[in-house]
Amino acid sequence: MSKGTVVLAYSGGLDTSCILAWLKEEGYDVITYLANIGQDEDFESARKKAETLGATKVFIEDLRAEFVQDFIWPAVQANAVYEDRYLLGTAIARPCIAQRQVEIARQEGAQFVSHGATGKGNDQIRFELTCYALYPEVQVIAPWRIPKFYNRFRGRTDLMEYAQKHGIPVPVTPRAPWSMDANLMHISYESGILENPKCHAPGDLYLMTKNPEDSPNARDLLEIEFKKGVPIKVTNMNEGKSVDSPLDIFSYLNEIGGKHGVGRIDIVENRFIGMKSRGIYETPGGTILLQAHLDIETFTMDKEVRKIKQGLGVKFSELVYNGFWYSPECDFVRQCIAKSQENVEGKVQLSVFKGQVYILGRESPKSLYNEELVSMDVQGDYDPCDASGFIRVNAVRLREHHRLQGFFNTKQ
């Protein structure tokens with residue numbers, strides 16, 4: 001008798017294929033769900049594999065457009081960067097994937113969901129907080145946290161033996177000595193030989209970007225048009241080519257950024273669960289958009305509003321990294337950030353060359369830049385004499401501070 005139906009987040013790889021077979025062995029009916037968020041994957045092969053292994057249903061969902069529109073664009077508006085460097089490519093994808101997993105579970109009357117995330121990482125938290133937020137009654141089966149499972153499968157050798165025993169196809173080519181996660185926004189590399197933080201990344205590790213040393217000797221000149229803080233059009237000024245749908249815009253910026261080696265970082269970060277980890281990331285399109293958005297935002301946004309918004313961006317990044325996309329506080333922060341973007345509109349011209357993004361110019365109908373007011377050659381609506389009082393008022397606090405310091409230094 002079946003223990004119930006479980007929707008398994010499935011990749012088609014060794015781990016989740018073994019989990020599928022193990023769940024069947026444990027008495028569950030298994031529905032597999034594979035999200036296409038831009039990774040290089042043979043989806044039909046994965047479908048056949050899941051069916052062969054006994055999945056009662058196989059869902060393969062193309063979420064690429066939704067991923068860009070509903071998840072990447074809010075991150076662009078926020079200038080989302082975790083710990084000053086990481087553009088959140090994996091973290092931003094998890095709520096997108098898990099949201100659809102929960103929808104399928106509800107639709108199919110499944111009482112359980114399952115995933116292949118490890119017990120030490122962030123992804124288990126991101127998946128499960130989304131599932132519990134959107135389907136409170138659901139029960140999560142996390143095999144890598146179940147002693148019966150992880151004591152049986154202590155490493156890749158155990159998984160390979162289990163796969164061979166159960167007729168699970170195993171990779172023919174040797175596995176890379178590190179773990180990868182790929183989607184439309186980025187590729188991450190961690191674990192394996194990269195666990196030594198002093199170990200340099202091998203040259204053949206990077207799949208999304210060229211080595212900047214090997215990139216073209218001619219720049220790509222781009223114009224990115226924004227409205228309400230998100231790109232609505234990208235034009236290559238060299239070629240006259242334009243793209244204007246969210247998915248096409250992001251894919252094209254990935255192509256240009258990848259060609260020029262833009263968006264590589266090698267960092268040690270703080271996981272939510274309490275340990276530090278080393279990660280290497282490639283985020284070409286996201287890096288171009290971050291630089292362009294920072295520029296048009298500063299051009300069009302009041303400075304005091306922007307100070308508050310910068311703090312909200314940091315908070316948003318922490319919430320996304322820690323898995324709280326579907327929390328009330330993240331919803332509130334997203335709405336505040338969206339409000340701040342109402343006048344972030346205009347065009348930024350930039351060049352992409354040898355691993356770098358160079359801002360060249362910008363224009364906006366909602367610019368707060370007043371050329372006459374700021375000009376060194378035109379006085380405009382500004383009286384320089386006013387600056388004397390402004391400086392003296394700001395100096396009051398400094399004078400008092402140093403008067404007090406002088407008083408105590410004299411007494412000593």
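Partner of Val102 under the side chain to side chain contact (heavy atoms under 4.5 Å, CB included) criterion, chosen from Val7, Val138, Leu134: Leu134. Applying the side chain to side chain contact (heavy atoms under 4.5 Å, CB included) test between Phe153 and each of Asp15, Asp158, Ile19 identifies Asp158 as the sole match.
When every heavy atom of Thr300 is checked against every heavy atom of Ile296, the shortest pair comes out as OG1-O, 2.8 Å. Residues Cys131 and Gln101 come closest through the heavy atom pair SG-OE1, 4.4 Å. Listed here is the closest heavy atom pair of Tyr206 and Thr209: CB-O, 3.9 Å. Across all their heavy atoms, Arg219 and Ser351 have their closest contact at CD-CB, 3.7 Å. Taking every heavy atom of both residues into account, Pro202 and Ile193 meet most closely at CG-CD1, 4.1 Å. Among all heavy-atom pairs drawn from Ile168 and Lys49, the shortest one is CG2-CE, 4.1 Å.
A side-chain N or O of Glu25 and one of Tyr162 form a donor-acceptor pair less than 3.5 Å apart. Side-chain N/O atoms of Glu41 and Asn36 include no donor and acceptor closer than 3.5 Å. A donor-acceptor pair shorter than 3.5 Å cannot be found between the side chains of Thr56 and Asp29. Side-chain contact of Thr287 with Gln291: a donor-acceptor pair under 3.5 Å is absent, judged by distance alone. A side-chain N or O of Asn79 and one of Glu297 form a donor-acceptor pair less than 3.5 Å apart.
Under the 4.0 Å criterion applied to side-chain N and carboxylate O atoms, Glu342 and Lys309 are not assigned as salt-bridge partners. With salt bridges taken as basic N to acidic carboxylate O contacts below 4.0 Å, none links Glu345 and Lys228. The pair Lys48-Glu51 does not count as a salt bridge, with every side-chain nitrogen at least 4.0 angstrom from each carboxylate oxygen. Checked for salt-bridge contact, Asp181 and Arg94 meet the test: a charged N lies under 4.0 Å from a carboxylate O. The pair Asp266-Arg278 meets the salt-bridge criterion, with a side-chain N (NZ, NE, NH1 or NH2) lying under 4.0 Å from an Asp/Glu carboxylate O. Ion pair Glu103/Arg106 not flagged as a salt bridge, since none of the NZ, NE, NH1 or NH2 atoms sits closer than 4.0 Å to an Asp/Glu carboxylate oxygen. Using a cut-off of 4.0 Å between Lys/Arg side-chain N and Asp/Glu carboxylate O, Asp244 and Lys233 are scored as not salt-bridged.
Residue Glu213 places its CD atom among 12 or fewer non-hydrogen atoms of other residues, nucleotides or ligands, all under 6.0 Å distant. The neighbour count for Lys259 NZ, taken as heavy atoms of other residues, nucleotides or ligands under 6.0 Å away, is above 12. For Asp84, the CG atom is loosely surrounded, since the number of other residues' heavy atoms within 6.0 Å does not exceed 12.
For the pair Asn322 (side chain) and Phe324 (backbone), a donor-acceptor distance under 3.5 Å is absent. Counting only distance, with no hydrogens or angles, the side chain of Asn183 and the backbone of Gly89 share a donor-acceptor pair below 3.5 Å. Within the 3.5 Å criterion, the main-chain N or O of Tyr281 finds no donor-acceptor partner in the side chain of Arg264. Counting only distance, with no hydrogens or angles, the side chain of His293 and the backbone of Val76 share a donor-acceptor pair below 3.5 Å. Between the Thr16 side chain and the Ser11 main chain, a donor and an acceptor come within less than 3.5 Å of each other. Between the side chain of Thr235 and the backbone N or O of Met237, no donor-acceptor pair lies under 3.5 Å. Not a single donor-acceptor pair under 3.5 Å links the side chain of Lys24 to the backbone N or O of Leu53.
With a 4.5 Å cut-off on side-chain heavy atoms, Lys347 and Ser364 do not count as touching. Between Asp123 and Arg126, some side-chain heavy-atom pair lies under the 4.5 Å cut-off. Considering only heavy atoms from C-beta on, Lys354 stays 4.5 Å or farther from His260 through its side chain. Inter-residue side-chain proximity for Pro95 and Phe127 is flagged as unmet; no heavy-atom pair is nearer than 4.5 Å. Residues Gln111 and Thr5 have side chains in contact (heavy-atom distance under 4.5 Å, counting atoms from C-beta outward). Residues Leu23 and Ser114 are in side-chain contact: their nearest non-hydrogen atoms beyond the backbone lie under 4.5 Å apart.
Geometrically, Arg100 does not engage Tyr33 in a cation-pi contact, judged by NZ or CZ lying under 6.0 Å from the ring centre and within 45° of the ring axis.
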*CA sep, side-chain torsions, deciding dist, call: Trp144, His115, side chain to side chain contact (heavy atoms under 4.5 Å, CB included)*: CA-CA 9 Å; Trp144 289 113; His115 59 75; over 6 Å; no
*Take Arg154 and Asn151, measure what side chain to side chain contact (heavy atoms under 4.5 Å, CB included) needs, and give me the verdict at the end.*
CA-CA 6 Å; Arg154 293 183 178 274; Asn151 285 328; 3.4 Å; yes
_Intermediate values then yes/no, side-chain hydrogen bond (donor to acceptor under 3.5 Å, both in side chains), His166 and Glu161_ = CA-CA 9 Å; His166 288 79; Glu161 288 176 359; over 6 Å; no
_side-chain hydrogen bond (donor to acceptor under 3.5 Å, both in side chains) between Asn236 and Lys241, intermediate numbers included_ = CA-CA 5 Å; Asn236 189 315; Lys241 175 181 178 178; over 6 Å; no
*Evaluation steps, side-chain hydrogen bond (donor to acceptor under 3.5 Å, both in side chains), between Ser17 and Tyr10*: CA-CA 7 Å; Ser17 294; Tyr10 183 71; 3.2 Å; yes
*Thr298/Met301 under side chain to side chain contact (heavy atoms under 4.5 Å, CB included): CA gap, chis, key distance, verdict*: CA-CA 6 Å; Thr298 306; Met301 188 180 288; over 6 Å; no
*Residue pair Val262, Val352: steps toward the side chain to side chain contact (heavy atoms under 4.5 Å, CB included) verdict*: CA-CA 8 Å; Val262 167; Val352 188; 3.5 Å; yes
_Apply side-chain hydrogen bond (donor to acceptor under 3.5 Å, both in side chains) to residues Ser179 and Glu190 and explain how you reach the verdict._
CA-CA 5 Å; Ser179 174; Glu190 61 181 13; 5.1 Å; no
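Here the straight-line distance linking atom CD of Gln349 with atom CG of Leu221 works out to 8.0 Å at 0.5 Å rounding. Note that the CG atom of Leu253 and the CG atom of Leu222 stand 6.5 Å from one another [nearest 0.5 Å]. Atom-to-atom distance recorded for Gln124:CD and Phe272:CZ is 11.0 Å, nearest 0.5 angstrom. To the nearest 0.5 angstrom, Gln99 atom CD is 8.5 Å from Thr130 atom OG1. Residue Glu223 holds its CD atom at 11.0 Å from CG of Leu360, rounded to the nearest 0.5 Å. The distance from atom CZ of Arg334 to atom CG of Leu319, rounded to the nearest 0.5 Å, is 9.5 Å.
Tyr321 and Tyr82 have parallel rings, their planes meeting at less than 30° on a 0 to 90° scale where 60° marks the start of perpendicular.
Ring centers of Phe112 and Tyr28: under 6.0 Å apart, within the cut-off. Checked against the 6.0 Å centroid criterion, the rings of Trp325 and Phe71 qualify as a close aromatic pair.
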